[in-house]
Amino acid sequence: MIKPAPYIVGLTGGIASGKSTVARVFAAQGIAVVDADDISRQVVAPGSSGLQGILEHFGQQMLTADGQLDRRRLRELIFSQPDERIWLEQWLHPRIETAMQEACLLATSPYVILMVPLLLENGLERLVDRVLVVDVSEQTQRQRTQARDGVSPTQVEAILAAQLTRAARLARADDVLSNEDGSLPQLEAEILRLHRQYLDLAAGKCGPGNSAPVQKPLH
Ligand SMILES: CC(C)(COP(=O)(O)OP(=O)(O)OC[C@H]1O[C@@H](n2cnc3c(N)ncnc32)[C@H](O)[C@@H]1O)[C@@H](O)C(=O)NCCC(=O)NCCS
Ligand SMILES: Nc1ncnc2c1ncn2[C@@H]1O[C@H](COP(=O)(O)OP(=O)(O)OP(=O)(O)O)[C@@H](O)[C@H]1O
């Protein structure tokens with residue numbers, strides 16, 4: 001029997017907005033999380049055609065001593081040369097999209113969280129039933145990115161400029177989680193409220209009430 005398409009919630013937000021923090025709470029409820037950043041690592045694993053193409057385009061200096069993609073070096077390059085970023089996106093995004101769709105189809109939880117930083121930038125709303133945005137100010141994004149990744153202020157600005165603005169992202173959200181103030185218990189309570197809502201929505205899409213219409217007996 002063909003498995004029905006799962007109900008998919010697209011989880012997005014700018015760099016360091018807190019998507020992974022939010023996704024961990026959904027995962028703790030038993031919900032499958034498909035993470036585009038993880039997949040973007042898998043499609044450039046040693047021996048992959050994804051990595052091979054990058055090396056042919058950028059050269060062997062994009063490899064670390066142990067044969068991995070040098071992500072820091074590639075990040076510095078693509079966020080200082082927009083044409084190269086566009087080349088990389090055109091090379092990787094179709095691979096990432098195919099792998100994300102396959103992973104969603106394999107999921108067995110009542111709904112799936114599809115976590116994609118560039119969901120809206122890339123018009124991937126067509127893959128999801130609902131869009132959930134994690135919202136923080138750009139100032140908080142700057143602080144958290146620099147604290148976590150140790151990137152320069154210039155590079156943070158280049159990354160922010162390659163993503164949607166906060167206002168544009170919020171305009172396309174079905175649901176919004178604010179992650180500005182740092183209170184994890186409050187954030188968790190909001191996530192659990194959404195979780196219950198998504199269970200209901202998923203049951204409406206995939207549950208027995210939404211299967212093929214039952215033929216009424218003729219009297
Ligand atoms: C440039 C790379 C090598 C940097 O790797 P690194 O391990 O330092 O970062 P990571 O992959 O974890 O991404 C961190 C964040 O950077 C931002 N980011 C990454 N790529 C892009 C991009 N092309 N445009 C805008 N923001 C981006 C996102 O907010 C993402 O969550 C990597 O991000 C990459 O391969 N990017 C191209 C693929 C892509 O677009 N991925 C983003 C989502 S599918
Ligand atoms: N409410 C919060 N208060 C303080 N720090 C937070 C909060 N939420 C997340 N952080 C920290 O901010 C950083 C970014 O969070 P997280 O990794 O969840 O974001 P992300 O959106 O998944 O990032 P990216 O997609 O850019 O990798 C992490 O170091 C995390 O510990």
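Indexing begins at 1, ligand by ligand and atom by atom, following the structure's order.
With hydrogens left out, the protein atom closest to atom 13 (O) of ligand 1 is Asp37 OD1, 4.0 Å, a heavy atom. The nearest protein atom to atom 21 (C) of ligand 1, hydrogens excluded, is given as Phe79 CZ, 3.6 Å; this is a heavy-atom distance. Annotation: atom 11 (C) of ligand 2 to nearest protein heavy atom, Arg144 CD, 4.0 Å. From the protein, the heavy atom lying nearest to atom 35 (O) of ligand 1 is Leu92 CD1, 3.8 Å. Protein heavy atom closest to atom 8 (O) of ligand 1, with residue, atom name and distance, is Arg75 NH1, 3.1 Å. The protein atom (non-hydrogen) at minimum distance from atom 8 (N) of ligand 2 is Asn179 ND2, 3.0 Å.
Of the options Met100, Arg71, Gln155, the smallest heavy-atom separation from atom 5 (O) of ligand 1 is shown by Arg71. For atom 15 (O) of ligand 2, the candidate residues are Ser20, Ala23, Gly13, Gly18; the nearest heavy-atom contact is made by Gly18. For atom 27 (O) of ligand 2, the candidate residues are Arg148, Gln143, Met115; the nearest heavy-atom contact is made by Arg148. Around atom 30 (C) of ligand 2, the closest heavy atom drawn from Leu187, Val136, Thr21, Thr12 belongs to Thr21.
Between Ser17 and ligand 2, at least one pair of N/O atoms sits closer than 3.5 Å. Polar contact check, Ser40 against ligand 1: no nitrogen or oxygen pair lies under 3.5 Å apart. By the 3.5 Å distance cut-off applied to N or O atoms, Arg85 is not counted among the residues near ligand 1. An N or O contact shorter than 3.5 Å links Glu89 to ligand 1 by distance. An N or O contact shorter than 3.5 Å links Ala16 to ligand 2 by distance. For ligand 1, one of its N or O atoms has an N or O atom of Gln163 under 3.5 Å away. Considering both main-chain and side-chain atoms, Lys19 comes within under 3.5 Å of ligand 2 through a nitrogen or oxygen pair.
Atom CZ in Arg130 sits 13.5 Å away from atom CG in Leu11 (nearest 0.5 Å). Rounding to the nearest 0.5 angstrom, the gap separating the CG atom in Asp135 from the CZ atom in Arg166 is 4.0 Å.
A distance-only check finds a donor-acceptor pair linking the side chain of Lys19 to the backbone of Gly13 [under 3.5 Å]. Listed for the Glu180 side chain is a donor-acceptor partner under 3.5 Å among the backbone atoms of Ser137. Asp35 places a side-chain N or O within donor-acceptor distance of the main-chain N or O of Asp37, the cut-off being under 3.5 Å. Proximity of a side-chain donor or acceptor of Ser109 to a complementary backbone N or O of Val112 within less than 3.5 Å is not detected. Of the possible donor and acceptor atoms, one in the side chain of Ser48 sits under 3.5 Å from a partner among the backbone N and O of Val43. Proximity of a side-chain donor or acceptor of Glu84 to a complementary backbone N or O of Ile78 within less than 3.5 Å is not detected. Here the side chain of Ser17 pairs no donor or acceptor atom with the backbone of Val136 at under 3.5 angstrom.
Of the options Val22, Val25, Val133, a side-chain contact (heavy atoms from CB on, under 4.5 Å) to Leu177 is made by Val22 and by none of the others. For the side-chain contact (heavy atoms from CB on, under 4.5 Å) with Arg169, the lone residue among Val134, Val131, Leu120, Leu119 that qualifies is Leu120.
Only side-chain heavy atoms of Arg41 come within less than 4.0 Å of ligand 1; its backbone N, CA, C and O stay farther off. Under 4.0 angstrom from ligand 2, there are no non-hydrogen atoms of Thr145. Residue contacts with ligand 1, taken as heavy atom pairs separated by less than 4.0 Å, involve Ile15 via backbone and side-chain atoms alike. Only the side chain of His93 comes within contact range of ligand 1, with a heavy atom under 4.0 Å; no backbone atom does.
Note that atom 25 (O) of ligand 2 has protein non-hydrogen atoms nearby, at separations under 4.0 angstrom.
Between the side chains of Gln61 and Arg73, not a single donor N or O lies within less than 3.5 Å of an accepting N or O.
Within the cation-pi definition used here (under 6.0 Å to the ring centroid, within 45° of the axis), Arg95 qualifies as a partner of Trp91.
Listed by number with element, the atoms of ligand 2 under 4.0 Å from a non-hydrogen atom of Ile15 are 26 (O). Remark: ligand 1 atoms within the under-4.0 Å shell around heavy atoms of Ile78 are 1 (C). Within ligand 1, the atoms closer than 4.0 Å to a non-hydrogen atom of Leu88 are 37 (C), numbered from 1 in the order shown. Short contacts between ligand 1 and Pro117, defined as distances under 4.0 Å to a heavy atom of the residue, involve ligand atoms 28 (C), 29 (O), 30 (C), 31 (O), 43 (C).
Ring geometry for His57 versus Trp87: interplanar angle under 30°, hence parallel rather than tilted (30 to 60°).
The environment of Gln186 atom CD is sparse: at most 12 non-hydrogen atoms of other residues, nucleotides or ligands sit within 6.0 angstrom.
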